[in-house]
Amino acid sequence: MINMEHYVSSVNLPKEIAAQLFVLLNEGDVWIEYEGCEMVLVTDINPKELTYPEGWYFAKECFRNKHNITSGAYYQVFMQNSKGVLWE
C-alpha cells in the first residue's frame with residue numbers, strides 16, 4: 001500500500017526533474033539541451049506522439065503543467081527539433 005505522506009504527484013515536480021522524467025519515458029527520442037542557462041527539450045518526433053508524466057502536456061511550444069498544478073506555481077520548458085525550430 002502507498003503511504004500518501006510519501007507520495008509526490010509528478011505534476012508538482014520542478015521542471016528540471018519533470019523534464020528528466022519525460023526524457024526517461026521517451027528514451028532515445030527526447031533529450032535536454034541548454035541555451036545559456038535555459039533548459040530546452042529536443043525531439044524530432046511530434047510532441048503529440050510522446051509519453052508525458054502525469055499532469056504534464058504539450059501546448060504553446062512548451063512542455064508544461066499549467067492547468068494541472070496543485071501547488072499553485074506552474075512550469076514550462078520550450079520544445080524544439082534538432083535543427084532548433086520550436087514545435088508548434
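Below, all heavy atoms of this structure are taken into account, side chains as well, without hydrogens, waters or symmetry copies.
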Report yes if some heavy atom in the side chain of [X] is under 4.5 Å from a heavy atom in the side chain of [Y]; otherwise report no.
{"X": "L21", "Y": "S10", "result": "yes"}
{"X": "E54", "Y": "V11", "result": "yes"}
{"X": "E35", "Y": "Q80", "result": "yes"}
{"X": "K15", "Y": "Q76", "result": "no"}
{"X": "T43", "Y": "E49", "result": "no"}
{"X": "V23", "Y": "L41", "result": "yes"}
{"X": "V42", "Y": "I32", "result": "no"}

Next on the checklist: Let me check something: do I45 and V77 share a hydrophobic cluster, defined by ILVMFWY side-chain heavy atoms less than 4.5 Å apart, either directly or through other members?
Outcome noted: yes
Item to check | Salt-bridge criterion met for E88 and K48 (N-O under 4.0 Å) | outcome: no
Within the distance-only criterion (no hydrogens, no angle test), does the side chain of [X] pair as donor or acceptor with the backbone N or O of [Y] below 3.5 angstrom?
{"X": "N65", "Y": "W56", "answer": "no"}
{"X": "Y75", "Y": "A18", "answer": "no"}
{"X": "N81", "Y": "V85", "answer": "yes"}
{"X": "D44", "Y": "S82", "answer": "yes"}

Heavy-atom pair with the smallest gap, counting every atom of [X] and [Y]:
{"X": "A19", "Y": "M39", "value": "CB-SD, 3.6 Å"}
{"X": "P47", "Y": "Y52", "value": "O-OH, 2.7 Å"}
{"X": "L25", "Y": "P53", "value": "CD1-N, 3.7 Å"}
{"X": "K66", "Y": "Y57", "value": "CB-OH, 3.6 Å"}

Next on the checklist: For a side-chain contact (heavy atoms from CB on, under 4.5 Å) check, start with the C-alpha distance between E61 and W87, then their side-chain angles and the critical distance, and finish with the verdict.
Outcome noted: CA-CA 5 Å; E61 305 172 337; W87 282 98; 5.9 Å; no
Checklist entry - Passes side-chain contact (heavy atoms from CB on, under 4.5 Å), F58 versus L50? Steps please. => result CA-CA 9 Å; F58 174 78; L50 298 170; over 6 Å; no
Next on the checklist: Would you say the ring centers of F22 and F63 fall short of 6.0 Å from each other?
Outcome noted: yes
Checklist entry - Measuring from N12:CG to I17:CD1, what's the distance to the nearest 0.5 Å? => result 11.5 Å
